[in-house]
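Just so it is clear, the structure is predicted and the values come from calculations on it, not from any experiment.
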Amino acid sequence: QVQLVQSGGGLVPAGGSLRLSCAASGSTFSSRAMGWFRQAPGKEREFVSGVSWGGETTHYTDSVKGRFTISRNNNKKTVSLQMNSLKPEDTAVYYCAAQRNTFSAASENVLEYEYWGQGTQVTVSS
């Protein structure tokens with residue numbers, strides 16, 4: 001089992017930067033792919049970025065490529081999302097999540113994730 005506690009987020013003007021962090025507890029963190037998702041009001045939760053269990057492979061949704069960077073530290077049991085050049089359309093509640101299956105690449109499918117952080121608000125003003 002994995003417990004996830006998020007930090008970071010807040011209000012930033014367009015073009016600014018924020019860093020989201022997710023601290024995990026539990027013995028299986030290092031064997032699970034991790035993802036960041038976001039959910040804007042009235043919209044479905046969507047995939048933002050994912051990193052494989054070992055950290056070698058990352059991928060991003062097209063709208064954040066070149067602006068966001070995901071990273072993980074298995075020794076510290078953390079995963080982070082550095083968000084640069086933020087846009088108003090990035091405004092949402094952001095969630096970190098741990099994938100259900102171990103030793104696999106990160107999936108873009110929200111149903112593949114079993115453990116979720118509490119969510120943190122990111123608001124980008126225009």
Side-chain angles (χ1 to χ4, degrees):
Q1 196 163 359
V2 178
Q3 294 81 42
L4 302 173
V5 177
Q6 296 178 222
S7 60
L11 173 64
V12 64
S17 298
L18 285 173
R19 185 177 182 87
L20 305 181
S21 295
C22 183
S25 59
S27 61
T28 63
F29 170 81
S30 61
S31 64
R32 297 180 188 271
M34 296 294 296
W36 285 96
F37 291 77
R38 65 187 179 188
Q39 189 167 17
K43 295 187 177 180
E44 293 186 352
R45 193 168 297 188
E46 65 171 358
F47 173 82
V48 175
S49 180
V51 59
S52 60
W53 62 275
E56 298 89 354
T57 305
T58 61
H59 62 284
Y60 303 87
T61 193
D62 286 346
S63 63
V64 308
K65 285 180 180 177
R67 300 189 297 122
F68 291 11
T69 303
I70 191 171
S71 60
R72 70 184 295 163
N73 185 322
N74 283 345
N75 289 329
K76 295 183 178 179
K77 295 185 179 180
T78 59
V79 61
S80 298
L81 186 68
Q82 177 66 41
M83 305 184 295
N84 299 328
S85 302
L86 283 160
K87 304 176 180 180
E89 51 263 44
D90 294 318
T91 295
V93 177
Y94 283 70
Y95 298 88
C96 66
Q99 201 158 304
R100 176 175 299 106
N101 294 328
T102 55
F103 302 110
S104 60
S107 170
E108 297 186 5
N109 186 347
V110 66
L111 297 177
E112 296 294 329
Y113 291 80
E114 183 170 7
Y115 306 103
W116 292 84
Q118 79 275 20
T120 187
Q121 178 70 47
V122 171
T123 303
V124 184
S125 62
S126 56

Next item on the list: Would you please test Q82 and S80 for side-chain hydrogen bond (donor to acceptor under 3.5 Å, both in side chains) and show each step?
Entry: CA-CA 6 Å; Q82 177 66 41; S80 298; over 6 Å; no
Notebook entry, point to check: Is M83 reachable from V64 through a run of hydrophobic residues whose side-chain heavy atoms are each under 4.5 Å from the next?
Noted result: yes
Item checked: Same apolar cluster: M34 and F47, side chain cutoff 4.5 Å -> no
Notebook entry, point to check: When you look at V2 and R32, which way does the side chain to side chain contact (heavy atoms under 4.5 Å, CB included) test go after all the steps?
Noted result: CA-CA 10 Å; V2 178; R32 297 180 188 271; 3.7 Å; yes
Distance-minimising heavy-atom pair for [X] and [Y]:
X	Y	result
R100	L111	NH1-O, 2.8 Å
N73	N75	OD1-N, 3.0 Å
A97	L4	CA-CD1, 3.8 Å
P88	S126	CG-CB, 3.8 Å
A40	T91	CB-O, 3.9 Å

Check: With distance as the sole criterion, is a donor-acceptor pair present between the side chains of S104 and Q99 under 3.5 Å?
Finding: yes
Notebook entry, point to check: Please walk me through it: do W116 and V110 pass side chain to side chain contact (heavy atoms under 4.5 Å, CB included)?
Noted result: CA-CA 10 Å; W116 292 84; V110 66; 3.3 Å; yes
Whether the side chain of [X] engages the backbone of [Y] through a donor-acceptor N/O pair (distance < 3.5 Å, no angle test) should be reported.
X	Y	answer
Y60	R67	no
Q6	Y94	yes
S49	H59	yes
T120	G8	yes
K87	V124	no
R72	S52	yes

Next item on the list: Give a yes or no on whether a salt bridge exists between K65 and D62, defined as a side-chain N under 4.0 angstrom from a carboxylate O.
Entry: yes
Check: How about Y113 and Y95: are their ring centres within less than 6.0 Å of each other?
Finding: no
Next item on the list: Taking the side chain as every heavy atom from C-beta outward, state whether N74 and F29 have any pair of such atoms under 4.5 Å apart.
Entry: yes
Atom pair [atom1] ([X]) and [atom2] ([Y]), whose distance is rounded to the nearest 0.5 Å:
X	Y	atom1	atom2	value
S7	L20	OG	CG	8.0 Å
L86	T123	CG	OG1	10.5 Å
F68	S17	CZ	OG	9.5 Å
R19	S71	CZ	OG	5.0 Å
C22	L81	SG	CG	10.5 Å

Notebook entry, point to check: Between R38 and V122, does a side chain to side chain contact (heavy atoms under 4.5 Å, CB included) hold up when you go through it step by step?
Noted result: CA-CA 9 Å; R38 65 187 179 188; V122 171; over 6 Å; no
Check: So W53 and T102, side chain to side chain contact (heavy atoms under 4.5 Å, CB included) or not? Walk me through it.
Finding: CA-CA 8 Å; W53 62 275; T102 55; over 6 Å; no
